[in-house]
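We name chains A, B, ... by the order of the sequence lines, and we start the count at 1 in each one. This is a predicted model, so every value here is computed, not measured.
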There are 2 protein chains.
Amino acid sequence: MSERQPNLRERRRSETRRLVQAHAVRLFSEHGYDAVTVADVAGAAGVSSMTVYRHFPTKEDLVLIDQPAQLIAEHVAASSATQPLVRRIGSALIDAATASTGGNGDEQAANERFLLDCLRLMVSTPALRARHLDSQYALQQAIVEALGKDATDPDAAFRAQAATSACLAAMHTALTRWVEDDGRTGLPDLIARALAASFGDDAVATHRKD
Amino acid sequence: MSERQPNLRERRRSETRRLVQAHAVRLFSEHGYDAVTVADVAGAAGVSSMTVYRHFPTKEDLVLIDQPAQLIAEHVAASSATQPLVRRIGSALIDAATASTGGNGDEQAANERFLLDCLRLMVSTPALRARHLDSQYALQQAIVEALGKDATDPDAAFRAQAATSACLAAMHTALTRWVEDDGRTGLPDLIARALAASFGDDAVATHRKD
DNA sequence: TAACATGATGGTAGTGTCTAACACATGAGT
DNA sequence: ACTCATGTGTTAGACACTACCATCATGTTA
């Protein structure tokens, strides 16, 4: 409730965007992603197809959620460089998940339900799953850059890429499991367990705020 | 040179398939994936667009290469269940890569060049990269099944999923690096280094033929 | 050899995603 | 009020992909 100076125009724009996306996710969840056309979504939201494309570049973007790459990258950059790579990255992922799913307000609960609906579609629809995996690819680049291993020598950069991709894959497994559990299990805990299963318990066990 | 009983019809069919795919990869590499239409590919190969779609369900499938899921799964299933998960999977991935890129005949070299062209397109084109990542998702399911951890308890299955996805992500990093090096570095060695960077040197160090 | 069955190919029409260009209306700043 | 910017609608179009039918070569059987 701090940085609020929205124009009436900007408010309307973001409101139609929210409206279109909400109808899209609802229709996709009810009838399946492929069975619903963009024109259907536009009609349900009371706008034209063009307006949908103005807000979302492709039909897939109606469902895809941007991961908090900025947040994760900052956590990685702030971590101690003396720790093993997978530990630095894993801690950042767990912290980001804790921050994202932590709050327990009414609006927060609605946001989490919406996020679960989107993720459910992403996991079950091949086209969305593919795009989602590729977006993790972009997140990977952000993390590697935050690790600061690029300029030195190419071999260190390669190791950073490998470790980062492996950590993100483990997180994706946790995300999938989170969706299957319908959000009942805590996401940070699932991520920690996925990381432990991949890299060993000692790579993530002593995770405390310091 | 053993299981050869191809009909004249089957030979022609596979020949046109090969021809179409070769022209497609060539045109995509020259002008970019998005700048070349399926009709262009069909014209270059001397067939109609319909024929292209009969051999390749989508435009993306003109470039996507099936990973030897069967081969990898068999390696995993044959590995000793007493070893750590990432070691079982990692060894299978390295062995499969060794088998795939090993031969040194004239035809083998041509195949490897073609594979490199396809992978180069897959890495650089977002749509192809996304599909390729999703195909690894299918490979993941095959490996998890080969691990035989599904029926027992869901927690073991979750750990198997996490470890497998992390190993495959490391392999994908190695594949990317292999393409960037234009195939000069041995793929099995790159995979071993990616696995070591992710899971520690001891997880892959003592890899010898036994 | 002749007739039939099978399967590969081409053509046409159509749907759906997405883009480009132009026109219209409404809120913002002077 | 006047202008300007911007969100929106309409239309036309390219392209990926599908459904359906016609055609023709190949493999099989009589």
Could you tell me whether the phosphate oxygens of [N], OP1 or OP2, come under 4.0 Å of any side-chain nitrogen or oxygen in [X]?
X     : N      : result
A:H55 : D:dG7  : no
B:R13 : C:dT9  : yes
B:S48 : C:dG11 : no

Distance-only polar pair, side chains of [X] and [Y], donor-acceptor under 3.5 Å:
X      : Y      : answer
B:R129 : B:H132 : no
A:D95  : A:T98  : no
B:D61  : B:T58  : yes

Taking atom [atom1] of [X] as the centre, report whether more than 12 heavy atoms of other residues, nucleotides or ligands fall under 6.0 Å from it.
X      : atom1 : result
B:Q70  : CD    : no
A:D182 : CG    : yes
B:E30  : CD    : yes

*Mapping B:D34 and A:V47 to their closest nucleotides on DNA chain D, which lands nearer the 5' end?*
A:V47
*Go through A:L190 and A:R193 one step at a time and tell me if the side-chain contact (heavy atoms from CB on, under 4.5 Å) criterion holds.*
CA-CA 5 Å; A:L190 283 174; A:R193 284 164 56 196; 3.7 Å; yes
*Would you say the side-chain atoms of A:S165 pair up with the backbone N or O of B:A169, donor to acceptor, closer than 3.5 Å?*
yes
Tell me the interatomic distance from [X], atom [atom1], to [N], atom [atom2], rounded to whole angstroms.
X     : N      : atom1 : atom2 : answer
B:L62 : D:dC15 : CG    : P     : 16 Å
B:L19 : C:dA8  : CG    : C1'   : 15 Å
B:D40 : D:dA14 : CG    : P     : 14 Å
B:E10 : C:dA8  : CD    : P     : 9 Å
A:F28 : C:dT17 : CZ    : C1'   : 12 Å

*Cation-pi between A:K59 and A:Y33: NZ/CZ under 6.0 Å from ring centre and within 45° of the ring axis?*
yes
Could you go through nucleotides 13-15 of chain C and list every protein N or O atom that sits under 3.5 Å from one of its N or O atoms, giving the distance for each pair?
none

Give each protein N/O atom lying under 3.5 Å from an N/O atom of nucleotides 27-30 of chain C, with the pair distance.
residue: C:dG27; atom: N3; partner: A:R9; partner atom: NH1; Å: 3.3
residue: C:dA28; atom: OP1; partner: A:L8; partner atom: N; Å: 3.3

*At what distance, to the nearest 0.5 angstrom, does CZ of B:R17 lie from CG of B:L62?*
9.0 Å
Produce the list of close N/O pairs, under 3.5 Å, pairing protein atoms with atoms of nucleotides 17-20 of chain D; give distances to one decimal.
residue: D:dC17; atom: OP2; partner: B:K59; partner atom: N; Å: 2.6

*For B:R87 and B:A203, work out which heavy atoms get closest and say how close.*
CG-O, 3.5 Å
